[in-house]
Trainee: 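I have a structure here, written as structure tokens, and I will follow up with some questions on it.
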Protein chains: 2
Amino acid sequence: MHSPEVLATKYKEQGRRITPQRKLLFTLMHNNESHPTAEGLFEEASKRMPGISLRTVYQTLEELSEMGEIQLMHCDGGAVRFDPNVDEHHHAVCAETGELFDVYVDNIDSLRAQLPDGFEVQNVSIVFHGRVAKSAPRTARSARITTKSPARQQTVRAKSAKRTPRRASRGSNT
Amino acid sequence: MHSPEVLATKYKEQGRRITPQRKLLFTLMHNNESHPTAEGLFEEASKRMPGISLRTVYQTLEELSEMGEIQLMHCDGGAVRFDPNVDEHHHAVCAETGELFDVYVDNIDSLRAQLPDGFEVQNVSIVFHGRVAKSAPRTARSARITTKSPARQQTVRAKSAKRTPRRASRGSNT
DNA sequence: ATGCTTATTTGCAAATAATGCGAACTACAT
DNA sequence: ATGTAGTTCGCATTATTTGCAAATAAGCAT
Ligand SMILES: [Mn+2]
Ligand SMILES: [Mn+2]
Ligand SMILES: [Zn+2]
Ligand SMILES: [Zn+2]
């Protein structure tokens with residue numbers, strides 16, 4: 001999704017108006033990696049702008065989606081989650097917390113699939129179900145390593161240990 | 001999912017009772033590849049048993065799920081779809097008709113994914129979005145090739161032509 | 001076969017998630 | 001400042017699913 005500033009321009013070009021509600025929602029969605037629901041975003045927005053309507057949140061998310069600025073995701077069957085990341089990417093869901101993480105997959109094209117005859121694939125979506133390991137409670141040391149570190153290549157091996165379970169003890173972030 | 005007969009046995013073993021409603025639903029779900037919704041299954045069932053309740057359909061599907069006899073799928077965000085196929089498999093969705101097909105993928109383990117640090121994958125679900133090509137209206141010849149023919153290996157290549165767009169003019173099924 | 005016990009079915013209310021609609025409001029061009 | 005059309009917002013409504021309790025019936029004991 002573009003920055004709030006660029007979005008403002010794009011909106012005006014389309015004859016749409018810049019309202020405080022939209023500005024706020026642009027800001028809340030920009031670089032938001034939490035994949036929020038409408039309801040969740042509404043709660044965030046309400047903190048900064050008490051009277052805002054849930055209806056407006058839905059409406060703004062819908063138009064951002066139509067403009068190709070965000071993606072929507074029907075994940076587990078609950079509420080739709082919105083994603084400002086419109087690059088080709090996939091997701092990992094923690095069964096415990098429901099958290100949703102972005103996952104990049106290099107070699108989707110190498111999948112060997114027995115597709116129905118005559119089926120033309122337009123795009124593939126992959127969801128990794130699992131859980132975030134409670135990184136061994138390091139006696140309250142450097143509470144750095146928590147959720148995700150920038151891009152660690154990994155070959156998928158569902159229901160079987162991956163390499164060694166030991167944390168990569170080298171390569172902390174600065 | 002087991003056959004209606006085997007299910008009956010399994011049910012009794014668990015102190016559950018065999019009712020006409022359950023028998024019917026077992027039959028309707030057995031080998032059902034349409035991935036029906038509760039509502040859809042209810043309509044089918046209603047044909048054979050006019051007074052049956054939608055509530056009973058939901059209830060029976062829920063218990064079959066708890067017993068590991070069927071799987072449920074939250075696909076597009078509409079109603080949940082139920083799947084008597086509990087083998088490890090994936091799905092292809094036709095964007096036009098909403099039809100849902102089973103897809104077997106051999107080499108999921110070879111996916112190279114950048115997963116969040118410490119994420120333990122339990123299982124992966126892949127959905128191929130696309131459409132079923134209207135197999136060139138063959139001047140009403142042998143109307144054989146329609147939806148899916150038994151297992152044709154195919155390497156995925158989203159948004160790019162696969163091989164030559166021409167129909168494989170050689171190798172029809174018998 | 002009859003009756004008992006309790007699992008099951010069923011109708012209806014209620015919870016969720018999302019959308020339709022129109023009146024009130026306001027961004028912004030003139 | 002004024003006018004106009006785009007927006008916001010509250011509320012009704014749809015769609016899907018679950019909660020609940022009364023009515024019903026399966027399967028066992030007699
Ligand atoms: Mn749902
Ligand atoms: Mn929904
Ligand atoms: Zn994402
Ligand atoms: Zn399936």
Side-chain angles (χ1 to χ4, degrees), chain A residues 4-5 7-26 28 35-43 45-46 48-67 70-83 98 100, chain B residues 4-5 7-26 28 35-43 45-46 48-67 69-82 98 100:
Chain A
E5 296 73 31
L7 276 182
T9 303
K10 199 174 164 187
Y11 260 60
K12 284 179 185 164
E13 283 172 6
Q14 300 187 13
R16 300 179 193 267
R17 296 176 183 175
I18 298 308
T19 66
Q21 288 88 344
R22 283 174 173 169
K23 271 197 279 210
L24 173 56
L25 293 170
F26 292 171
L28 291 179
H35 302 83
T37 62
E39 192 73 44
L41 191 62
F42 168 67
E43 274 161 30
S46 295
R48 296 224 222 166
M49 185 185 285
I52 195 173
S53 164
L54 174 59
R55 193 67 188 80
T56 299
V57 175
Y58 270 110
Q59 227 147 269
T60 303
L61 287 169
E62 187 189 358
E63 74 199 6
L64 283 172
S65 165
E66 282 168 0
M67 294 168 68
I70 62 176
Q71 243 183 344
L72 20 77
M73 249 181 312
H74 305 270
C75 182
D76 50 343
V80 170
R81 299 179 70 158
F82 298 87
D83 192 346
L100 218 156
Chain B
E5 296 72 32
L7 277 182
T9 303
K10 198 172 165 188
Y11 260 60
K12 285 178 185 165
E13 285 172 4
Q14 300 187 13
R16 300 180 192 267
R17 295 175 185 177
I18 298 307
T19 66
Q21 289 88 344
R22 282 174 173 169
K23 272 198 279 213
L24 174 55
L25 293 170
F26 292 171
L28 291 178
H35 302 84
T37 62
E39 193 73 45
L41 191 62
F42 168 67
E43 275 161 29
S46 295
R48 297 224 221 164
M49 185 184 285
I52 195 173
S53 163
L54 173 60
R55 193 69 188 79
T56 299
V57 175
Y58 270 110
Q59 226 145 264
T60 303
L61 288 169
E62 187 189 358
E63 75 198 5
L64 284 172
S65 165
E66 282 168 1
M67 294 167 69
E69 292 289 338
I70 63 175
Q71 243 184 344
L72 21 78
M73 248 180 314
H74 305 270
C75 182
D76 50 342
V80 170
R81 299 178 71 157
F82 298 87
L100 218 156

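Here the structure is a predicted model, which is why all the values come from computation and not from measurement. In what follows, chains carry the letters A, B, and so on, assigned in the order in which the sequence lines appear, proteins first and then strands, with residues in each chain numbered from 1.
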Trainee: How many whole angstroms separate atom NZ of B:Lys23 from atom P of D:dA26?
Mentor: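 It is 9 Å, rounded to the nearest whole Å.
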
Trainee: Taking CG from B:Leu24 and P from C:dT9, how many angstroms apart are they, rounded to a whole number?
Mentor: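 Distance, rounded to whole Å: 11 Å.
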
Trainee: For C:dT10, does either OP1 or OP2 sit under 4.0 Å from a side-chain N or O belonging to B:Thr56?
Mentor: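 Indeed, a polar side-chain atom of B:Thr56 lies that close.
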
Trainee: Output all residues satisfying ring pair (Phe, Tyr, Trp, His ring centres under 6.0 Å) with A:Tyr11, sequence neighbours left out; order by chain, then residue number.
Mentor: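 For A:Tyr11, the residues satisfying ring pair (Phe, Tyr, Trp, His ring centres under 6.0 Å) (neighbours in sequence not counted) are A:Phe26.
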
Trainee: Send over the distance from A:Leu61 CG to D:dC9 P, rounded to a whole Å.
Mentor: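 Rounding to the nearest Å, CG of A:Leu61 and P of D:dC9 are 14 Å apart.
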
Trainee: D:dA26 phosphate, OP1 or OP2: any side-chain N/O from B:Gln21 under 4.0 angstrom?
Mentor: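 For B:Gln21, the contact criterion (side-chain N or O under 4.0 Å from OP1 or OP2 of D:dA26) is not met.
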
Trainee: Please find the pair of heavy atoms, one from B:Ala79 and one from B:Thr37, that lie closest to each other, and give the distance.
Mentor: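 For B:Ala79 and B:Thr37, the tightest heavy-atom pair comes out as CB-CG2, 3.9 Å.
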
Trainee: Could you check how far CD of B:Glu43 sits from C1' of D:dT16, rounded to whole Å?
Mentor: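 Rounding to the nearest Å, CD of B:Glu43 and C1' of D:dT16 are 14 Å apart.
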
Trainee: Assess the residue pair B:Leu100 and B:Met73 against the criterion (side chain to side chain contact (heavy atoms under 4.5 Å, CB included)); give the C-alpha distance rounded to whole Å, side-chain angles, the decisive distance to 0.1 Å, and a yes or no.
Mentor: CA-CA 11 Å; B:Leu100 218 156; B:Met73 248 180 314; 4.1 Å; yes

Trainee: Just the table, please: protein N/O against nucleotides 28-30 of chain C N/O, every pair under 3.5 Å.
Mentor:
residue : atom : partner : partner atom : Å
C:dC28  : OP1  : A:Ile18 : N            : 3.0

Trainee: What residues form a ring pair (Phe, Tyr, Trp, His ring centres under 6.0 Å) with A:Phe82, not counting sequence neighbours?
Mentor: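 So A:Phe82 forms no ring pair (Phe, Tyr, Trp, His ring centres under 6.0 Å) with any residue.
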
Trainee: Less than 3.5 Å apart, any donor N or O on the side chain of B:His74 or A:Asp76 sitting next to an acceptor on the other?
Mentor: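 Distance-only check fails for B:His74 and A:Asp76.
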
Trainee: Please give me the minimum heavy-atom distance between A:Ala38 and A:Val57, naming the atom from each residue.
Mentor: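 Closest approach of A:Ala38 to A:Val57: O-CG1, 3.7 Å.
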
Trainee: Is it the case that the side chain of A:Arg48 and the backbone of A:Leu24 share a donor-acceptor pair, with hydrogens and angles ignored and the cut-off at 3.5 Å?
Mentor: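 No, because the side chain of A:Arg48 does not come within donor-acceptor range (under 3.5 Å) of the backbone of A:Leu24.
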
Trainee: Could you report the tightest heavy-atom contact between A:Gln14 and A:Met67, atom names first, then the distance?
Mentor: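 So the two residues come closest at NE2-CE, 3.7 Å.
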
Trainee: From D:dT17, C:dT9, C:dA18, pick the nucleotide closest to the side chain of B:Val80?
Mentor: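 Looking only at side-chain atoms, B:Val80 lies closest to D:dT17.
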
Trainee: In chain order, what residues pass the ring pair (Phe, Tyr, Trp, His ring centres under 6.0 Å) check against B:Phe42, with sequence neighbours excluded?
Mentor: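 With neighbours one apart ignored, the set is empty.
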
Trainee: Is there a donor-acceptor pair closer than 3.5 Å between any side-chain N or O of B:Arg81 and the backbone N or O of B:His35?
Mentor: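 Checked: pair present.
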
Trainee: If I take atom CD in residue A:Glu66 and atom P in nucleotide C:dT19, what distance separates them, rounded to the nearest angstrom?
Mentor: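 Atom CD in A:Glu66 sits about 11 Å away from atom P in C:dT19.
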
Trainee: Which sits closer to the 5' end of DNA chain D, B:Leu54 or A:Tyr11, going by the nucleotide each is nearest to?
Mentor: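 Its nearest nucleotide lies further toward 5', so the answer is A:Tyr11.
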
Trainee: Might you point out which heavy atoms bring B:Ile52 and B:Ser46 nearest each other, and give the distance in Å?
Mentor: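 Closest approach of B:Ile52 to B:Ser46, heavy atoms only: CG2-OG, 3.8 Å.
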
Trainee: Please tell me which of B:Met49 and B:Gly15 maps to the more 5' nucleotide of DNA chain C, matching each residue to the nucleotide holding its nearest heavy atom.
Mentor: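 The answer here is B:Gly15.
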
Trainee: Specify the residue among A:Ile52 and B:Phe82 whose closest nucleotide of DNA chain D lies further upstream toward the 5′ end.
Mentor: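 It is A:Ile52, whose closest nucleotide lies nearer the 5' terminus.
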
Trainee: What integer distance in Å separates B:Arg22:CZ from D:dA26:P?
Mentor: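 My rounded result for the distance is 11 Å.
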
Trainee: Once you round it to whole Å, what is the distance between C1' of D:dT8 and CZ of A:Phe42?
Mentor: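 Those two atoms, CZ and C1', are 13 Å apart.
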
Trainee: Figure out the NE2/P separation between A:His74 and D:dT17, and round it to whole Å.
Mentor: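 Computing the A:His74:NE2 to D:dT17:P distance gives 14 Å.
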
Trainee: Can you give me the bend angle of the helix from C:dA1-D:dT30 to C:dT30-D:dA1? Use the axis through the first five pairs and the one through the last five, nearest 10 degrees.
Mentor: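 Axis angle across the helix from C:dA1-D:dT30 to C:dT30-D:dA1, nearest 10°: 20°.
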
Trainee: If you take all heavy atoms of A:Ile18 and A:Ala8, which pair is closest and at what distance?
Mentor: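 Looking at all heavy atoms of both residues, the shortest contact is CD1-CA, 3.6 Å.
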
Trainee: Taking only nitrogen or oxygen atoms into account, show me every contact under 3.5 Å that the protein makes with nucleotides 19-22 of chain D, one pair per line with its distance.
Mentor:
residue : atom : partner : partner atom : Å
D:dG19  : N7   : B:Arg55 : NH2          : 3.1
D:dG19  : O6   : B:Arg55 : NE           : 2.8

